[in-house]
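Notes follow once the structure below has been shown.
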Amino acid sequence: EPEVTQTPSHQVTQMGQEVILRCVPISNHLYFYWYRQILGQKVEFLVSFYNNEISEKSEIFDDQFSVERPDGSNFTLKIRSTKLEDSAMYFCASGGASYNEQFFGPGTRLTVL
Amino acid sequence: RKEVEQDPGPFNVPEGATVAFNCTYSNSASQSFFWYRQDCRKEPKLLMSVYSSGNEDGRFTAQLNRASQYISLLIRDSKLSDSATYLCVVRTQGAAGNKLTFGGGTRVLVKP
């Protein structure tokens with residue numbers, strides 16, 4: 001069964017450093033998403049991406065964040081200068097159509113020290 | 001008011017029993033509804049979509065009440081493996097996107 005994959009599974013970084021989280025969505029999906037979940041809290045939407053551009057973003061997704069689909073398979077989330085409060089689990093998701101279910105990757109646990 | 005609200009639980013359920021819980025949502029423009037399940041420190045996994053007429057998938061039954069803006073999930077004949085956090089999820093069509101809004105989850109513990 002096709003699945004979303006994410007790398008790395010755990011990333012530890014120093015405050016102020018840049019990180020890039022990587023995702024490989026399900027191959028025939030067209031809609032891509034990033035969500036995050038701070039430990040003990042609910043899953044929160046960050047950004048959606050379709051047709052090589054951002055289609056919607058939340059208040060969390062400020063200028064420190066960017067997304068890219070550098071090739072036909074990868075979808076990346078970059079945090080330019082990490083803050084302590086960026087520590088969370090980051091989930092990538094993909095969907096086949098705008099109204100379809102979204103399928104989540106296993107997540108990258110980001111720890112900012 | 002929270003966009004999607006759930007009783008956090010935990011619901012302690014004897015193995016073989018039935019458990020049911022609800023969630024409420026605030027945005028009347030919400031278009032699609034889902035139950036996801038999340039195990040500790042894992043990704044949300046789609047359990048089932050929720051349709052207006054109600055739907056069943058094995059031991060799981062979901063209901064949607066658009067007038068009252070609530071969604072329910074019922075689990076029959078609970079198994080130990082049903083222990084998880086159940087996330088009520090609502091899809092709202094934005095100007096150009098389809099973000100999912102998650103509730104905080106209802107924790108279910110099935111005990112022998």
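Atom set for the values below is all heavy atoms of this structure, side chains included, hydrogens, waters and symmetry mates excluded.
Classification of Glu56(B) and Arg76(B) as a salt-bridged pair holds, one side-chain N sitting under 4.0 Å from a carboxylate O. Between Arg59(B) and Asp82(B) there is a salt bridge, since at least one side-chain N of the basic residue sits less than 4.0 Å from a carboxylate O of the acidic one. Note on Arg69(A) versus Asp71(A): no salt bridge recorded, every NZ/NE/NH1/NH2 to OD/OE distance being 4.0 Å or above.
Taking Ser49(B), Pro44(B), Gly105(B), Gly103(B) one by one and counting their heavy-atom pairs under 4.5 Å with chain A, the maximum is reached by Pro44(B).
In this structure, chain B has no heavy atom under 4.5 Å from any part of Leu46(A). Within the 4.5 angstrom heavy-atom criterion, only side-chain atoms of Leu46(B), from C-beta onward, approach chain A. For Tyr35(A), the part sitting under 4.5 Å from any heavy atom of chain B is the side chain, from C-beta outward, and nothing else. Using a 4.5 Å cut-off between heavy atoms, Phe104(A) contacts chain B through both its backbone and its side chain.
For the 3.5 Å distance criterion, the side chains of Gln6(B) and Thr106(B) qualify, holding a donor opposite an acceptor.
Within the structure, every pair that satisfies the salt bridge (charged side-chain N to carboxylate O under 4.0 Å, His left out) test and touches residues 25-41 of chain A, not counting sequence neighbours, is listed here: Arg36(A)-Glu44(A).
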